[in-house]
2 protein chains.
Amino acid sequence: MHRGGGGASATASFYKKVMKTYTISKLARAFELSRSTLLYYDRIELLPASGRTASGYRTYTATDYRRLERICTFRQAGLALEDIRILLSSRGSSCAQVIEKRFREAGQQILDLRNKQRLLSGMLKKLASDDSTPTVDKKMWIEMLQAAGVADRSMSCWHREFERRAPDAHHEFLASLGISEEEIRQIRGWSRKGKAARDQD
Amino acid sequence: MHRGGGGASATASFYKKVMKTYTISKLARAFELSRSTLLYYDRIELLPASGRTASGYRTYTATDYRRLERICTFRQAGLALEDIRILLSSRGSSCAQVIEKRFREAGQQILDLRNKQRLLSGMLKKLASDDSTPTVDKKMWIEMLQAAGVADRSMSCWHREFERRAPDAHHEFLASLGISEEEIRQIRGWSRKGKAARDQD
DNA sequence: CGTAAACTGTGAAGCGGTAGACGGGTCAAT
DNA sequence: ATTGACCCGTCTACCGCTTCACAGTTTACG
């Protein structure tokens, strides 16, 4: 493609001059990772640095950049680094198997978490009833939200998401807390509207 | 609380003879924990053994049993051991705060996992289309979702979402699983209508 | 050109919540 | 008293990093 140069080493130095390379920290910043993370990826040979400078600094090329891009995508999906290594080195159906495995795993984790939430809300209900507070669950719940300091952004976001993805489940969940139908309608109302009436980011 | 009272007291030996005590492994088996776990709980003083035999073996009493019962309940809810320590030593509203914190955390984790699942199914779809090799067939897909514990509700939610975002892709996807046109029509039918998917399946 | 700041390398230890192995001491039954 | 089952404390490993410490290197500015 480009001119032949004068031998292999000349070509290498040509590339060194022309190709964009990254130092470890620059690459880290590009992906909002820490330097340590990339050091770690280098050590476990998930993303080995392509080369070193004369003084021993790691250099990363555009190819490394693209590899890291993929790694980050997979990590966002919660894949284990070992699985990512497999994915990066194999193409085809074995990829599907790994991804599918993770999908199942995530599904199971969701079930577990939901179960935990059930237990937790049970505990809260029990606490509230033990607690001389006669107004049962609704008060407890509201107290919970407010004491959380979560109040606004996270919780309304959570409700919106819940409502969008699984309206029925949302209803059921609220009902399980002993909240009245009317109250549920209100909550689901502003959940559907998106930007909640009662708080603005 | 003075406990593990040293030595050769008649009272101590009385209790030792009369009260039911557990060795560490028996207690572990009673709660389906490993011995290591209880050793760890002892070390971090979450569940210190009440006493020791003359030869240094840990002894656990019925009180310890009850404490461990509570610990296990909290752990099932996914609480961190440090939080459990707080819960066990405090009673009242600070309990609610800790539990509530965990509840929110779990909710966030569920959202994260769902998001990961979206990414993963995106990857699978892309793989399936790139490959044009029908590595994922209907049976596998359904198995996958069911194994994931995705209830019919969530499943129909997923279909609805797919139908809403990309009707053509939805059709294509279903076809790629080798599902008949008729069945596809059915699925897409209730996907569009929204709810009512539950009586099916 | 000098200096200070920001970078680089390596290696090791630490987190939580277990699981499991090790070498050796102790118990219950014979 | 001798088995064999149990138990002891201590150690290491796991994941995915992060933090530390310390020494050499590059870069920015004056």
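Because the structure is a prediction, the values reported are computed rather than measured. Within every chain, numbering begins at 1; the chains are lettered A, B, ... in the order of the sequence lines, protein sequences first and strands thereafter.
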**OP:** Describe the nucleic acid contact of A/S36 in one word from base, sugar-phosphate, nothing, applying a heavy-atom distance below 4.0 Å.
**Re:** base
Nearest heavy-atom approach of A/R52 to A/G56 is NH1-O, 2.9 Å
With sequence neighbours left out, the residues meeting side-chain hydrogen bond (donor to acceptor under 3.5 Å, both in side chains) with A/Q109 are none
A/E45 CD to D/dC17 C1', in whole Å, measures 18 Å
Whole-Å distance, B/Y40 OH to C/dC15 C1', equals 9 Å
A correct 5'-to-3' footprint of nucleotides 1-13 of chain C, with B, S and - meaning base, sugar-phosphate only and no protein heavy atom under 4.0 Å, is ------BSBB---
Salt bridge (Lys or Arg N to Asp or Glu O under 4.0 Å) filter on B/R67, not counting sequence neighbours, yields none
To the nearest angstrom, the CD-C1' distance between A/E82 and D/dC15 comes to 10 Å
Residue pairs meeting side-chain hydrogen bond (donor to acceptor under 3.5 Å, both in side chains), one or both in residues 78-90 of chain B, sequence neighbours left out, come to B/E82-B/R85, B/D83-B/K101, B/S90-B/S94
Sub-3.5 Å pairs of nitrogen or oxygen atoms, protein against nucleotides 28-30 of chain C:
none

B/Y22 atom OH is separated from D/dC6 atom C1', nearest whole Å, by 18 Å
Residues pairing under ring-ring contact (aromatic ring centres under 6.0 Å, His included) where one sits in residues 61-81 of chain B, two or more places apart or in two chains, turn out to be B/Y22-B/Y65, B/F31-B/Y65
When all nucleic acid strands are considered with a 4.0 Å heavy-atom cut-off, which category describes A/S34: base, sugar-phosphate, or nothing?
sugar-phosphate
With sequence neighbours left out, the residues meeting side-chain hydrogen bond (donor to acceptor under 3.5 Å, both in side chains) with B/R75 are none
Applying side-chain contact (heavy atoms from CB on, under 4.5 Å) to A/R66 and not counting sequence neighbours gives A/A62, A/T63, A/E69
Sequence neighbours excluded, the answer for side-chain contact (heavy atoms from CB on, under 4.5 Å) partners of B/A106 is A/L113, A/Q117, B/R102
Distance-only, no hydrogens or angles: does the A/K20 side chain make a donor-acceptor pair with backbone N or O of A/T61 under 3.5 Å?
no
Expected list for residues 65-81 of chain B near DNA chain D, using heavy atoms below 4.0 Å, is none
A/I44 atom CD1 is separated from D/dA13 atom C1', nearest whole Å, by 16 Å
State, yes or no, whether a side-chain contact exists between B/L87 and B/R70 at a heavy-atom distance under 4.5 Å. no
Residue pairs meeting side-chain hydrogen bond (donor to acceptor under 3.5 Å, both in side chains), one or both in residues 25-39 of chain B, sequence neighbours left out, come to B/S34-B/T37
Per nearest nucleotide of DNA chain D, the residue lying toward the 5' end, A/Y41 or A/T53, is A/Y41
